[in-house]
Number of protein chains: 2
Amino acid sequence: MPTPSTRDLILDSAQSLAQTRGFNAFSYADIALELGVRKASIHYHFPSKQDLEAELLERYRSQFMAGLASLDSNGDSSVVVLQRYAHLYSSTLKNGRICLGGMMASDIGALPETLAPSLSSFFEEQVSWLVKVMNEGKENNELNFSGTVQSHASVFLAALQGGLLMANAMNDQALFERLAETLIAELQ
Amino acid sequence: MPTPSTRDLILDSAQSLAQTRGFNAFSYADIALELGVRKASIHYHFPSKQDLEAELLERYRSQFMAGLASLDSNGDSSVVVLQRYAHLYSSTLKNGRICLGGMMASDIGALPETLAPSLSSFFEEQVSWLVKVMNEGKENNELNFSGTVQSHASVFLAALQGGLLMANAMNDQALFERLAETLIAELQ
DNA sequence: GTCTATAGGTGGATAGAC
DNA sequence: GTCTATCCACCTATAGAC
């Protein structure tokens with residue numbers, strides 16, 4: 001594992017701050033303090049905060065999709081794959097974070113409009129992946145539900161996003177675990 | 001209808017800004033501009049922003065609960081009551097807003113800790129009300145599902161909150177409507 | 001690439017006249 | 001209750017030395 005570049009360290013710090021406080025509640029000064037560099041150095045890598053935010057979402061999206069690809073690479077059952085998916089969200093909760101996509105969605109009214117398309121794509125890719133997994137589950141008779149797969153995929157994602165918000169605000173990790181379990185049981 | 005007091009007008013403006021931009025993305029200057037008063041006047045009614053935020057949540061919570069009380073005052077079926085509940089959320093979406101509780105939950109990491117208990121209560125009251133409605137629906141054989149009522153109530157609320165986030169970010173009101181429909185159908 | 005220094009603006013908040 | 005005036009801290013961002 002090579003030493004992370006300053007650029008990556010900045011993104012890591014910014015992502016942590018964005019997931020815990022929100023996009024409009026952290027500053028270059030916060031990152032500078034955490035990394036022990038000057039604000040001007042951050043502006044060298046990301047001239048404007050909008051540049052930083054855009055890169056933040058893009059990196060998160062690509063890393064998240066790469067993670068999804070590895071979730072269903074084996075021949076595991078759809079139920080197990082969905083459990084692993086839910087665990088991706090659950091694990092962010094342990095650090096007092098919520099999904100970066102969900103956070104950005106809540107801040108969308110105060111962010112540059114140029115970020116909206118990327119954010120929409122993030123959600124659409126999640127739903128598409130869930131649709132694929134649920135379709136496979138139906139074909140294998142591991143999943144069984146009425147209504148369109150698309151609708152159930154949207155509900156699944158929305159419930160996890162909202163569940164993260166609630167569990168984090170109430171400081172109740174068990175709430176999220178029960179919620180995810182119920183969601184998956186409902187599809188069987 | 002008496003003329004609203006300045007205090008109420010301030011709360012109305014602040015609530016609109018908080019629901020669209022977030023708690024850390026509006027200022028006293030924004031409210032002052034909208035109402036045509038000076039910032040100092042707002043500080044007279046709400047000395048600190050924390051005071052304003054606390055009152056904002058408390059008013060929202062009490063108004064929301066009053067609204068819920070009128071939703072199931074008649075002998076309507078549980079399905080209809082749940083549809084009306086979902087419509088409460090749907091209607092905020094039309095103004096480009098999300099639920100104030102959901103917004104505050106996403107900002108909780110950048111808000112005073114004193115607000116957390118009130119926010120937890122907000123979610124707990126929503127879930128308790130949903131549990132009551134779902135229990136009645138089960139007794140009347142209008143609703144039919146496995147798993148605890150508590151879990152399904154949590155899922156229901158979480159999915160609506162997350163659905164608001166997604167539909168607002170993607171500017172797709174129909175997404176929310178389909179999502180709500182699927183959620184209710186799943187309980188029958 | 002990182003630094004010092006600084007500009008120009010906005011944040012929440014207060015004092016005191018009316 | 002609302003105003004003018006002001007304070008100080010913090011924000012994003014840039015210029016220019018090293």
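Quick note on labels: first sequence line is chain A, next is B, and so on, each numbered from 1. Nothing here was measured: the structure is a model prediction, and the numbers come from that model.
- Closest to the side chain of V37(A), from the set dT2(D), dA13(D), dC3(C), is dC3(C).
- Regarding K49(A), its NZ atom lies at a distance of 12 Å from the C1' atom of dC10(D), rounded to whole Å.
- Straight-line distance from the NZ atom of K39(B) to the C1' atom of dA15(C): 15 Å, rounded to whole Å.
- Taking a cutoff of 4.0 Å between a charged side-chain nitrogen and a carboxylate oxygen, D12(B) and R7(B) do not qualify as a salt bridge.
- Going from atom CG of D30(A) over to atom P of dT12(D) covers 8 Å, rounded to whole Å.
- Using a 4.0 Å cut-off, no side-chain N or O of S41(B) falls inside it from OP1 or OP2 of dG1(D).
- Remark: D8(B) CG is packed, more than 12 non-hydrogen atoms of other residues, nucleotides or ligands lying under 6.0 Å away.
- D51(A) has its CG atom 13 Å from the P atom of dT12(D), to the nearest Å.
- Straight-line distance from the CZ atom of R38(B) to the P atom of dG12(C): 16 Å, rounded to whole Å.
- An OP1 or OP2 oxygen of dA15(D) is reached within less than 4.0 angstrom by no side-chain nitrogen or oxygen of H43(A).
- An OP1 or OP2 oxygen of dT2(D) is reached within less than 4.0 angstrom by no side-chain nitrogen or oxygen of Y44(B).
- Atoms CE and CZ, on M104(A) and R61(A) in that order, are 11.0 Å from each other to the nearest 0.5 Å.
- Between T6(B) and the phosphate of dT2(D), there is a side-chain N or O to OP1/OP2 separation shorter than 4.0 Å.
- Protein atom CD1 of I42(A) is 13 Å distant from nucleotide atom P of dT4(C), rounded to whole Å.
- Checked for salt-bridge contact, K132(B) and D72(B) meet the test: a charged N lies under 4.0 Å from a carboxylate O.
- Atom-to-atom, CG of L33(B) to P of dC3(D) comes out at 13 Å; the value is rounded to the nearest Å.
- Counting non-hydrogen atoms under 4.0 angstrom, Y28(A) reaches the backbone sugars and phosphates but no base.
- Looking at heavy-atom distances under 4.0 Å, F26(B) makes contact with sugar-phosphate atoms alone, never a base.
- When distances run from any side-chain atom of A29(A) to the nucleotides dT14(D), dG1(D), dC11(D), the shortest one goes to dC11(D).
- The environment of CD in E181(B) is sparse: at most 12 heavy-atom neighbours from other residues, nucleotides or ligands sit within 6.0 Å.
- Separating the CG atom of L17(B) from the P atom of dG11(C) is a distance of 11 Å, rounded to the nearest angstrom.
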